[in-house]
Amino acid sequence: MSATNRQAVATTLRAPAELVDNGLAPASALPALEQVAARYAVAITPAVAALIDPSDANDPIARQYVPSAEELRTLPNELADPIGDHPNSPVAGIVHRYPDRALLKLVHVCAVYCRFCFRREMVGPGKDSALTDEAYTAALDYIRTHGEIWEVILTGGDPLMLSARRLREVMRDLAAIPHVKIIRIHTRVPVADPDRITDDVVAALKAEGATTWVALHANHPRELSDKARAACARFADAGIPMVSQSVLLRGVNDDAATLEALMRAFVECRIKPYYLHHGDLAPGTAHLRTTLEAGQALMRALRGRVSGLCQPDYVLDIPGGHGKSPIGPEYLQRDATGAYRVADYCGEVHLYPPPADQT
Ligand code: SF4
């Protein structure tokens, strides 16, 4: 059965038995997948199901969304809150890690549930629910009384699971706070459920007094389907700038050709590549993480293959809530004599400044 001749999935698949019925998992895996689903949410939208080739045991789209028995293995260094949201949460719904920006987590549901998600212990049906009216008011008060907050990042859960009406209210409330100048929305919906990106939703994201940015999460070039590209074009055509974020995932995008195609696809969609995250220490995700050295080698390869427009920052979220750091690779070094040595994109090393007889 190929992705093209398989019968289209009509509704979001949530139960392991539905995955088996639709050819996305073997029946023999059902008992293990039931155990996985009891702990971590599962959802595969029709749009994502259509991208999966079930005849490919290593399909890079399936690997991101179809649960696996490997998720039942949690390593001792894996953490329920790997990037330290909780220690940086002064009030419900707010994460204030850096002085000038704060996360506002309005919802705890997503269109799809990614198998590597660093908030997998917090998102999904049965986990924390959406912010109550009182909690939302308290979160707004926190932002209002912290004049250093220049940027509010809506994340979660996926904020674009909210209705256009609710999004319009939230954007209006935030933009009315004089020191909030930027509202950034992190979403997977243009990939996972592109039909949700209607003119109404796009219009709701524009609010007088603040600039809206949308950060699209995608990890494989096939996720930028025609429909996903059309959804992204709606933002760009409305004057909403976009950036990307991707996670480096073993067996999904950990080769230079795939990363190159992904970054080129973003730029073609008017999306500036922003972050390539090293996989977080989320529970049950070791099979999807690469090594840091592999990530650096891929970034080095990317530097030689695509222009600066296509280069994301390779970053590590330091466990415990210490924030993101760019993790290389490094091109500039100082030798024992104090001279600088800089590597070019082919790996050849040059003295800087060059010796006088070479200039
Ligand atoms: S859409 Fe984002 S928050 Fe939701 S499961 Fe995927 S990575 Fe996690």
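Ligands are counted one by one from 1 in listed order, and the atoms in each one are counted from 1 as well.
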Checklist entry - For Lys227, does the NZ atom have more than 12 heavy-atom neighbours from other residues, nucleotides or ligands under 6.0 Å away? => result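 No, because the 6.0 Å sphere around NZ of Lys227 holds 12 heavy atoms or fewer from other groups.
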Item to check | Contacting atoms of ligand 1, where contact means under 4.0 angstrom from a heavy atom of Tyr113 | outcome: 5 (S)
Checklist entry - Can an N, O or S atom be found in Cys110 less than 2.8 Å away from atom 6 (Fe) of ligand 1? => result no
Item to check | Atom pair CG/CG of Asn253 and Leu262 - distance to nearest 0.5 Å | outcome: 6.5 Å
Checklist entry - Going from CG on Asp81 to CG on Leu281, what distance comes out if it is rounded to the nearest 0.5 angstrom? => result 12.0 Å
For [atom], find the nearest protein heavy atom and state the residue, atom name and distance (0.1 Å precision).
atom	value
atom 1 (S) of ligand 1	Arg188 CD, 3.6 Å
atom 8 (Fe) of ligand 1	Cys117 SG, 2.3 Å
atom 6 (Fe) of ligand 1	Cys114 SG, 2.4 Å

Next on the checklist: Contact between ligand 1 and His217 is defined here as a heavy atom of the residue under 4.0 Å from a ligand atom; is it met?
Outcome noted: yes
Item to check | CA sep, side-chain torsions, deciding dist, call: Arg222, Asp59, salt bridge (Lys or Arg N to Asp or Glu O under 4.0 Å) | outcome: CA-CA 11 Å; Arg222 258 169 48 208; Asp59 183 81; 2.8 Å; yes
Checklist entry - Side-chain contact, heavy-atom cut-off 4.5 Å: Pro273 with Val243? => result no
